[in-house]
Amino acid sequence: MKLAVLGAAESGVGAAILAQQKGYDVFVSDMGTIRPHYKEMLDAHHLAWEEGKHTPERLLDADEVVKSPGIPDDAPMVVALREKNIPILSELEFRSEERRVGKECRS
């Protein structure tokens, strides 16, 4: 399953690493500049990332998107994702969903 993460600060990078550990194909995108520490973390986990833009072809190909709370709901990429009916989760929703799935698997 392809997961895109919008926003590459602490929680976005954490969500990307968690998603990778759960078997997702992850792509991280940030319109701004990613801090060097977070770039190092993404590279250490061999996660694909971009900064300074959102590449529509990569993001609109995702099965789900985890969006940083700092990205407004009316941002052009968020609107485009909604128009394609791609589920958009907050980082907390994604983490909660992963825990719920994990609990169901252990039952």
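- Under the 4.5 Å side-chain heavy-atom criterion for Ile, Leu, Val, Met, Phe, Trp and Tyr, Ile86 and Leu89 are members of distinct hydrophobic clusters.
- The shortest heavy-atom contact between Ala19 and Phe94 is CB-CZ, 3.6 Å.
- Note on Leu18 and Leu42: same hydrophobic cluster, where clusters join Ile, Leu, Val, Met, Phe, Trp and Tyr whose side-chain heavy atoms are under 4.5 Å apart, directly or indirectly.
- Contact record, Ser29 with Thr55: OG-N, 4.5 Å, taken as the closest heavy-atom pair.
- A pairwise comparison of heavy atoms in Gly14 and Arg95 identifies C-NH2, 3.2 Å as the closest pair.
- A search for side-chain contact (heavy atoms from CB on, under 4.5 Å) contacts involving Ser90 returns Leu92, Glu93, not counting sequence neighbours.
- Between Val13 and His45 the shortest side-chain heavy-atom distance does not fall below 4.5 Å.
- Clustering ILVMFWY residues whenever any of their side-chain heavy atoms sit less than 4.5 angstrom apart, transitively, puts Ile34 in a cluster other than the one holding Val65.
- What you find for Leu3 and Val66 is that their closest heavy atoms are CD1-CG2, 3.8 Å.
- Residues Val28 and Ala8 come closest through the heavy atom pair CG1-CB, 3.7 Å.
- Between Leu6 and Ile88, the closest side-chain pair of non-hydrogen atoms is not below 4.5 Å.
- Hydrophobic clustering places Met1 together with Val5 (ILVMFWY residues linked when any side-chain heavy atoms are closer than 4.5 Å, directly or through intermediates).
- With contacts defined as side-chain heavy-atom distances shorter than 4.5 Å, the pair Met31/Ile71 does not qualify.
- When every heavy atom of Pro56 is checked against every heavy atom of Met77, the shortest pair comes out as CA-CE, 3.7 Å.
- Sorted by first and then second residue, the pairs that involve residues 40-60 and meet salt bridge (charged side-chain N to carboxylate O under 4.0 Å, His left out), not counting sequence neighbours, are Lys39-Glu51.
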